J.: 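Before I ask anything, let me first share the structure, which is written out below as structure tokens.
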There are 2 protein chains.
Amino acid sequence: MSAAGPRPVSIFDVAKLAGVSHQTVSRVINDAPMVADATRARVKAAIADLGYRPNRSARALAGGAVRSVTVLTTDTSLYGTAETLRGIEDAARAAGFSVLISVMDPDQDYSEADILGRLSHDGAAAIVIAHDEVTTYAMRVLHERQPGTTVATGGEHLGNGDRDADWLISLDDRTVAARATRYLLDMGHRTVHYLAIPGKASRRTGWAEALAAAGITAPEAVDSGWSVAAAAEAATGLVADPAVTAILCGNDDLAFGVLHAAHRAGRSVPGDLSVVGFDDYPLAAYHVPPLTTVDLDFRGVGRGAFDLLRYKLEGGSDPRPSWRSPELVVRETSGPPRQ
Amino acid sequence: MSAAGPRPVSIFDVAKLAGVSHQTVSRVINDAPMVADATRARVKAAIADLGYRPNRSARALAGGAVRSVTVLTTDTSLYGTAETLRGIEDAARAAGFSVLISVMDPDQDYSEADILGRLSHDGAAAIVIAHDEVTTYAMRVLHERQPGTTVATGGEHLGNGDRDADWLISLDDRTVAARATRYLLDMGHRTVHYLAIPGKASRRTGWAEALAAAGITAPEAVDSGWSVAAAAEAATGLVADPAVTAILCGNDDLAFGVLHAAHRAGRSVPGDLSVVGFDDYPLAAYHVPPLTTVDLDFRGVGRGAFDLLRYKLEGGSDPRPSWRSPELVVRETSGPPRQ
DNA sequence: GTGAAAGCGCTAACAC
DNA sequence: GTGTTAGCGCTTTCAC
């Protein structure tokens, strides 16, 4: 069952074959200058011959550049998380970093030690994709214990205003939630209901603020879980009420759930009911009818998070935000209310 | 910009504080026997006091148990991949393994060295989620070079029959594709068309075989890309043809694309056209109308892949398959053809 | 039970 | 340009 095999080839084997010292081999594999071209060629040949591959553990131990990031998150199959992860990966790969992913259980209680223990070593570079209590806690702990090597994305700001800008990247979903709410109001809806997703407080805030700004008392937000099924369930009361003509949803899964519930309740969309989602899943544009929603550039944010981390780690030029701002995408699940 | 900080606490610091040798500390953190209870307690206290955390690189270098897996794949945001990854993570986490993920570019050409170089060291444990050319190649290379530490999932069998069973885990989508085809035929459709997803040859094969078994000459399969958009585009010809009454799709995204195209073409589902997907996305059941599709237990397969890997690495009891078999889930996008 | 010595594969710092 | 030496933090093996 065990897979021992012969001892893997090391830097010394290469050195011997090439007739140089192991240090020269090290120089070659690290593209260091100060190696004669002829020597370099000889070493490279030996490397190819032997199929030598550097051992990252040894490299890390010896104090070489680390070139790896640990991503902490709770659910890699959620659209937003998956896309953010994708963005991180893309950027990390391009920079020659490897990415470790550490998935936490949203229903478990973690200690500081639990969280720190997920890193491969003390002070290891980390990116937290924060979108719930557990990951928000992880983000706090890591930022406090190792601010120089931690970056987070998606999390709500810690209330430090701009001081968070050097480690926390987030999309301004609050403003765009307000924008979406106003859009519905402007079409003539008397109010807008909100189907809330756990954690994303800023979306709810934006919605409430837009209502307040219009002089409307916000109806009670309805809480839903993350899944389409939970949303369909949570929205049954809402869709059954003829007075409800517009619903803003915490994300597209919830919107799909609402659409399903509305269909079952015999309410037509957008005739009887306008539904607006959040996230712009790839499917949203191809749904029947196509879903009005908010485009959120998760992948861009993931890339941005990695760029920022790398800047903290290695310096270089200040990375400039490279992600799209959230934007309302009006499609066919929204319209003016029926007279 | 740099994040130096004080030297992290090592095993020696703990040893000193606890008044023992570093070796004893090593024993304690590895739960080795042969340590007096009093000593153990003292060491544990020192560990907590100092906030000591073992360095995984050092551990790996020194020949300790590795406890990490590298997952190779191309697209972490595809449903099947994301779910498989999730299954691997769940199982890995439960077993105390950390998971590294290495994303490859589906459009790039890789050499053997490129692939081997993605592992943290020679012979590092790897799981390949194979679903396209690049990952299939990676799976071949790794299996050939380090069969004892490689497991793959999703890939088509290499034609070795049962000999692949100890490293390749795949769902039998061929049989269930045939089953889905027969289901449509049995309802009275004269033939079934197939919208093909790249790579998944066994699904196409199952479809073709079922048709052949019914004495029907298979129509030309229509190739689509992975995205909903590509599918909607690819299916325009199909949905425009009134002779086409049933379409089996390579996955649910493609099915959603077909549904979209059908709607645009003014064909009703399932009245004019039956559509069957593959994968059973969470959304499928809540789509309007709910999508007939095939349930594929990716998460179970991911878990199974990890269990198998661990068995290869550490022995123990032979892991038994723990995933659900693929099954056709009939919902509301399929029915008998109109007379 | 516990400690001392050696070494994993590599890079850093220094010599030449 | 290149080689030598000394660790990185840990686990192993072998003493006691």
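Predicted model only: the values in this text are computed from it and were never measured. The figures that follow rest on heavy atoms only: side chains count, while hydrogens, waters and symmetry mates do not. Every chain is numbered from 1, with letters handed out A, B, ... down the list of sequences.
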J.: Quick one: on DNA chain C, does R59(A) or G63(B) contact a more 5' nucleotide (nearest heavy atom)?
T.: G63(B)
J.: Nearest whole angstrom, please: distance from the P of dG9(C) to the CG of D13(A).
T.: 9 Å
J.: Grab the CD-P distance between Q23(B) and dC10(D) for me, whole Å please.
T.: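 Rounded to whole Å, this separation is 12 Å.
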J.: Between F306(A) and V69(A), which heavy-atom pair has the shortest distance, and what is it?
T.: CE1-CG2, 3.7 Å
J.: According to the interplanar angle, ranging from 0 to 90°, do the rings of F298(A) and Y79(A) count as parallel (below 30°), tilted (30 to 60°) or perpendicular (above 60°)?
T.: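 Geometry flag for Y79(A) against F298(A): perpendicular rings.
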J.: To the nearest angstrom, how far is D122(B) atom CG from dC8(C) atom P?
T.: 15 Å
J.: Is R86(A) salt-bridged to D75(B), cutoff N-O under 4.0 Å?
T.: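 Salt bridge present between R86(A) and D75(B).
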J.: Whole angstrom is fine here: how far is it from CG in D31(A) over to C1' in dT11(C)?
T.: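 Rounding to the nearest Å, CG of D31(A) and C1' of dT11(C) are 15 Å apart.
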J.: May I ask you to evaluate whether S26(A) reaches the phosphate of dT11(C), defined as a side-chain N or O under 4.0 Å from OP1 or OP2?
T.: yes
J.: With a 4.0 Å cut-off, would you call R67(A) and E314(A) a salt bridge?
T.: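 Salt bridge between R67(A) and E314(A), a charged N being under 4.0 Å from a carboxylate O: yes.
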J.: If every non-hydrogen atom of P33(B) is compared with every non-hydrogen atom of R40(B), which pair is closest and at what distance?
T.: CA-NH2, 4.3 Å
J.: S21(A) side chain N/O closer than 4.0 Å to the phosphate oxygens (OP1, OP2) of dG3(D)?
T.: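 Yes.
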J.: Checking contacts here: which listed nucleotide (dG7(D), dT2(D), dG3(D)) is nearest the side-chain heavy atoms of A36(A)?
T.: dT2(D)
J.: Send over the distance from R56(B) CZ to dT11(D) P, rounded to a whole Å.
T.: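 To the nearest whole Å, that distance equals 13 Å.
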J.: Which comes earlier along DNA chain D counting from the 5' end, the contact point of T24(A) or that of I29(B), where each point is its nearest nucleotide?
T.: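 The answer here is T24(A).
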J.: Taking the side chain of P54(A) as its heavy atoms from C-beta onward, which of dG9(D), dC10(C), dT2(D) lies nearest to it?
T.: dC10(C)
J.: Can you tell which of dC10(D), dA4(C), dT2(D) lies closest to the side chain of M34(A)?
T.: dT2(D)
J.: What integer distance in Å separates R67(B):CZ from dC10(D):P?
T.: 17 Å
J.: Categorize H22(B) for me: base, sugar-phosphate, or nothing, with a 4.0 angstrom heavy-atom threshold over every strand shown.
T.: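 Base contact.
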J.: Heavy-atom nearest nucleotide on DNA chain C for P33(B) versus L61(B): which residue maps closer to 5'?
T.: P33(B)
J.: Rounded to the Å, how far apart are N30(A) CG and dC10(C) P?
T.: 10 Å
J.: Regarding dG3(D), can its base be found pairing with the side chain of R27(A) as donor and acceptor, where the two atoms are less than 3.5 Å apart?
T.: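 Result: at least one qualifying N/O pair found.
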J.: Expressed in angstrom and rounded to an integer, what is the separation of I11(A) atom CD1 from dT4(D) atom P?
T.: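 Those two atoms, CD1 and P, are 14 Å apart.
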J.: Between S57(A) and dC10(C), does any side-chain N or O lie under 4.0 Å from OP1 or OP2?
T.: no
J.: May I ask you to verify if any side-chain N or O of N55(A) is less than 4.0 angstrom from the OP1 or OP2 atom of dC8(C)?
T.: no
